[in-house]
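What follows is a set of notes on a single structure, which appears directly below.
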Amino acid sequence: MTIPQRLQLALKQQAALADKGIHFLPIRHHSPACAYAALQSLQQLQPKHILIEAPRSFNRLIADLQHPDSQPPLAVLCQTEIMEANNNAADDEKTEQKQIRTAYYPFCDYSPEWVALRYAPEINAEVEFIDLAWTSQIDHELKTITKQTWQSRSLQQERYLAHSQYLQTLAQKLHCRNHDELWDHLFELKPKLEMHDWQSFFHEVLVWCAMSRLDYEDSVLEADASLIREQCMLQSILECYANNKVTICILTGGFHTLALIEQLAAHLLVEKPKKIKKMKSADQDDQTWLIRYSFDRLDALNGYASGMPSPAFYQRCWQHMIEKAFDDAEQRQALIVELLSDFSRQLRDQQILESSFITVKNATEQAIRLATLRGHYLISRFDLIDACQSSFVKGSLDEGQQAFQSLLKQILSGVRLGQVVQSTQTLPLLAQVYDLAKVHRFKLDETTTKRAKLDVFRNQKHRLRSRFLHLLDFLQVGFAKSVSGPDFLGGGRLHLLFEEWDYAWTPHVEAQLIELSELGSELNTVAVQKLLHIKQTFSQTGQGRSSHLAVQLLIRAALMGLHKQIPILFAEVQQFLPTDPDLDSVIQCGQKLLNLWTGKDFLAFQQQPELKALMQQVIPTALFLLSQLATPPADQQQQILNQVLHLRNLSKQINRVVGGELNYLAQFYNALARLNTEWQKLDVLAGAVDALRFIDGDLTEQDLQQSVQRHFGLGANPEHAVAYLSGMMQSAPELLLRYPAMTQLLNQLLLKWDEAAFVAILPDLRQAFTHFKPKETAAFAEQIAQLNDVSSLDISQYISEVSQAEMLQGVQLNQQLQEFLIERNLQGWLV
């Protein structure tokens, strides 16, 4: 390969800078080979200063990073606040809103930066982070990139390497699938003896990265802050050298090393050095914390933008690499056998594939032969994957092998979660939640999702665990998700005695807790602040006195165990309910009060006498609002009907709870009877009310038959009749089955309709019968068949792909055909 002249000059400058005691160690992030070579260089050079490419605001965390209790994978979480225009607002209401921009800087055991950090105390070397502050990087991007979709990112991005034309061409020439396989082929598979010659190793890494760098124009690098970051790093290097004049080792991503060598040479290797442009780095504006990180988040195959894929695989490679007892090739072969055996066992345990010792043996031999064929000194990750797919899978690698591929990825990726020392740098909120999670015996050592089953009604410890989970769910930190259990907010599954939750402690959880910490340093305080914020939002949207929303907050507080807030929130429900102007809100409030009553023991709700008194206000308030409604137009009748049905059910349920002489069901029917005569003419409501009154004993069978006869008898309007039927079917569909007289009246009415009327009313008729259950539909069809002296088989419903619109169109066409034949005296054809 011909090395470009610019790179040849840079290599000479690198050697000259090394003579001055400045040693560049160009690395690829999370590379075991780079980490091993870096360790060799530090052991030989014994530098007094180690400079690392990371935001300078991280320097305050160095002591925590070097503490023995901090164990990878872990990361520095960096956040900054910016004011961004609210583009969703109207032009005359343009405002700015605070946005939080987040980035991660992960470390694993085999990160070269981590190796340098942990080895530095052994040689009394000072460590310093030298990159531009995260806040300054964001400020620059906002000025140069007008439109961007934001998401949290890595501060060690390697997208330029992945998209380099040079590296893609080289990968093709060496028959590698991508730049990851190319990197493995050239660097990760070297013998340890070769990596002891760290100068040659980093020489090759610099050439590899520099050739990629030459693919990009300065305008591209300017836009994403690469150039100003390099200016900041240069300034830090010069300051360190000027103040110490001792041996310095500089660990930077290889993509930046070429530019740093060139610029540093322009200052230290010439008689008239260039003036350095002073960079302002907003270190004080960065908010940085050390958090636990995980292998699955670190995996490049999961979308992580820097470093290498399959961290669990490379973790094992690193552990074997730092051992000195065995030969490299033997170590790697033992590792491969260990991985394949584990993979085979899990395939069997999860019933994905049947595998045996022979399969593992074949896969091992396949991996060894692939490595030999490809010229690898060690078996690579790609050799292992190809061997697994070739030996374990019988047939093609199609979608049917998804479980196989997923497990293989999981084995190579891992779910390990790191540990972080508790220190003054740890946010109190984060520390409290982590400690509480351990007290409640949740497993936090890995990021795989686990299932917790809680006996919330009979076990006090489980009840406390439930409150903790509900609290974190309310704060939306992403720790746990409810799978099953009583839903006191929605009113579902209230008969269940157990709750089931899926949970996992992930870096995302810690990031969310850090964002929430601005609301307070204690978990309950943060939850109260969020409750207050929700109440404020209700007020801003004109719902500040909604009884339904108020009782919703009350139940949330009870679920989370915020007992100090319960009397306050309960008083608000007492205040809002009698004056709530929204009928739907009052009905929903009543239903949620019933849910609260059902779960009063589990929710530790101590306001039982007051709760009964409050429920007694629901029906009178709702009936008053119902009486004030104007006669609804046709498009609102269904909404009114739904409210009437809910009110009837609510009246019966509250009656059962409060007992005594109060009869809310009687009040309900009296209120309906007092509605103006225009309401009485609404057929849908009339049918529903008649059915409900009959079921509840407020209407005799004779009165019901008279009403049905009036709507279905001679002279009845088909449209009004079907509307009446629809109301009955929505409130009590079983009446048609229990009382044959109603079925007979309906049948007689249908026989009197001509075909045109039937076709016109058919969609509404079909809609009315959708309230039957399948078995009820079959029973009703049998009744109709008997009334018309036909077999039920003749009127069986056949399911087809024909839509309702297509069926109606067919009926209309058939009707038109019959009329056509009659006009031409061809009635005989109809037989």
Side-chain angles (χ1 to χ4, degrees), residues 619-620 622-624 626-627 629 631-632 634 637-656 661-753 761 764-765 767-769 771-773 776 779-780 783-784 786-787:
I619 300 303
L623 293 178
F624 171 77
L626 181 66
S627 68
L629 294 177
T631 304
Q637 289 184 27
Q638 186 60 49
Q639 179 185 353
I640 297 298
L641 174 58
N642 292 337
Q643 292 173 334
V644 167
L645 294 176
H646 286 311
L647 262 177
R648 179 255 187 179
N649 293 332
L650 203 58
S651 300
K652 295 182 70 173
Q653 290 174 300
I654 292 179
N655 246 28
R656 285 195 291 267
E661 298 179 357
L662 292 172
N663 188 339
Y664 291 114
L665 196 58
Q667 293 181 26
F668 167 73
Y669 285 120
N670 289 337
L672 290 181
R674 290 194 299 269
L675 293 175
N676 63 48
T677 56
E678 293 300 319
W679 275 68
Q680 310 292 342
K681 297 178 183 178
L682 301 177
D683 297 294
V684 174
L685 289 172
V689 172
D690 282 350
L692 293 177
R693 289 179 62 195
F694 176 73
I695 290 174
D696 293 332
D698 193 59
L699 192 69
T700 66
E701 184 174 349
Q702 183 179 359
D703 291 335
L704 177 62
Q705 288 184 0
Q706 289 177 357
S707 182
V708 172
Q709 181 68 44
R710 187 167 60 253
H711 286 86
F712 280 76
L714 292 174
N717 180 291
E719 185 176 347
H720 292 176
V722 172
Y724 182 87
L725 174 66
S726 177
M728 294 189 71
M729 293 293 290
Q730 290 188 60
S731 58
E734 67 274 14
L735 284 182
L736 277 180
L737 297 175
R738 290 186 187 177
Y739 298 95
M742 295 180 61
T743 304
Q744 292 174 7
L745 285 173
L746 175 61
N747 188 58
Q748 292 170 8
L749 179 63
L750 290 175
L751 290 173
K752 291 181 175 65
W753 291 347
I761 211 68
D764 292 333
L765 197 60
Q767 179 66 32
F769 282 103
H771 298 283
F772 267 153
K773 296 175 182 177
E776 293 173 335
F780 184 71
Q783 289 186 16
I784 294 295
Q786 292 176 6
L787 285 173

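All figures in this text were calculated on a predicted structure; none of them were measured in a lab. Basis for what follows: all heavy atoms, side chains included, without hydrogens, waters or symmetry-related copies.
Side-chain atoms of S651 come within 3.5 Å of backbone N or O of L647 as a donor-acceptor pair. Remark: side-chain polar atoms of S731 are paired, donor with acceptor, to backbone N or O of M728 under 3.5 angstrom. Remark: the backbone N or O of T743 is not paired with any side-chain donor or acceptor of N747 at under 3.5 angstrom. No donor-acceptor pair closer than 3.5 Å links the side chain of Q783 to the backbone N or O of F780.
In this structure the side chain of V689 never reaches within 4.5 angstrom of the side chain of L699, judged on heavy atoms. Taking 4.5 Å as the limit, every side-chain heavy atom of P733 sits out of range of all side-chain heavy atoms of F769. In this structure the side chain of V722 never reaches within 4.5 angstrom of the side chain of Q767, judged on heavy atoms. Using a 4.5 Å heavy-atom threshold, the side chains of M729 and L736 count as touching. Using a 4.5 Å heavy-atom threshold, the side chains of F668 and D696 count as separate. Residues L692 and D698 are not in side-chain contact: their nearest non-hydrogen atoms beyond the backbone lie 4.5 Å or more apart.
Taken to the nearest 0.5 Å, the CD atom of Q730 stands 6.5 Å off from the CG atom of N642. Rounding to the nearest 0.5 Å gives a distance of 11.5 Å between CG of L672 and CZ of R648. From I619, atom CD1 reaches atom NZ of K652 across 12.5 Å, with rounding to the nearest 0.5 Å. The CG atom of L665 sits 11.5 Å away from the CD atom of Q653 when rounded to the nearest 0.5 Å. Rounded to the nearest 0.5 angstrom, R674 CZ and Y669 OH are separated by 14.5 Å. Here the CZ-CD distance, from F694 to Q705, works out to 8.5 Å after rounding to the nearest 0.5 Å.
R693 and D703 are not joined by a salt bridge, as no carboxylate oxygen comes within less than 4.0 angstrom of a charged side-chain nitrogen.
Among residues two or more places apart in sequence or in another chain, the side-chain hydrogen bond (donor to acceptor under 3.5 Å, both in side chains) test is passed with Y664 by none.
N663 and Q667 form no side-chain donor-acceptor contact under 3.5 Å, judged by distance and modelled atom types alone.
More than 12 heavy atoms of other shown residues, nucleotides or ligands fall within 6.0 angstrom of atom CD in Q639.
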Evaluate the side-chain contact (heavy atoms from CB on, under 4.5 Å) criterion for residues V684 and I640: first the C-alpha distance (whole Å), next the side-chain angles of each, then the deciding distance (0.1 Å), finally the verdict. CA-CA 10 Å; V684 174; I640 297 298; over 6 Å; no
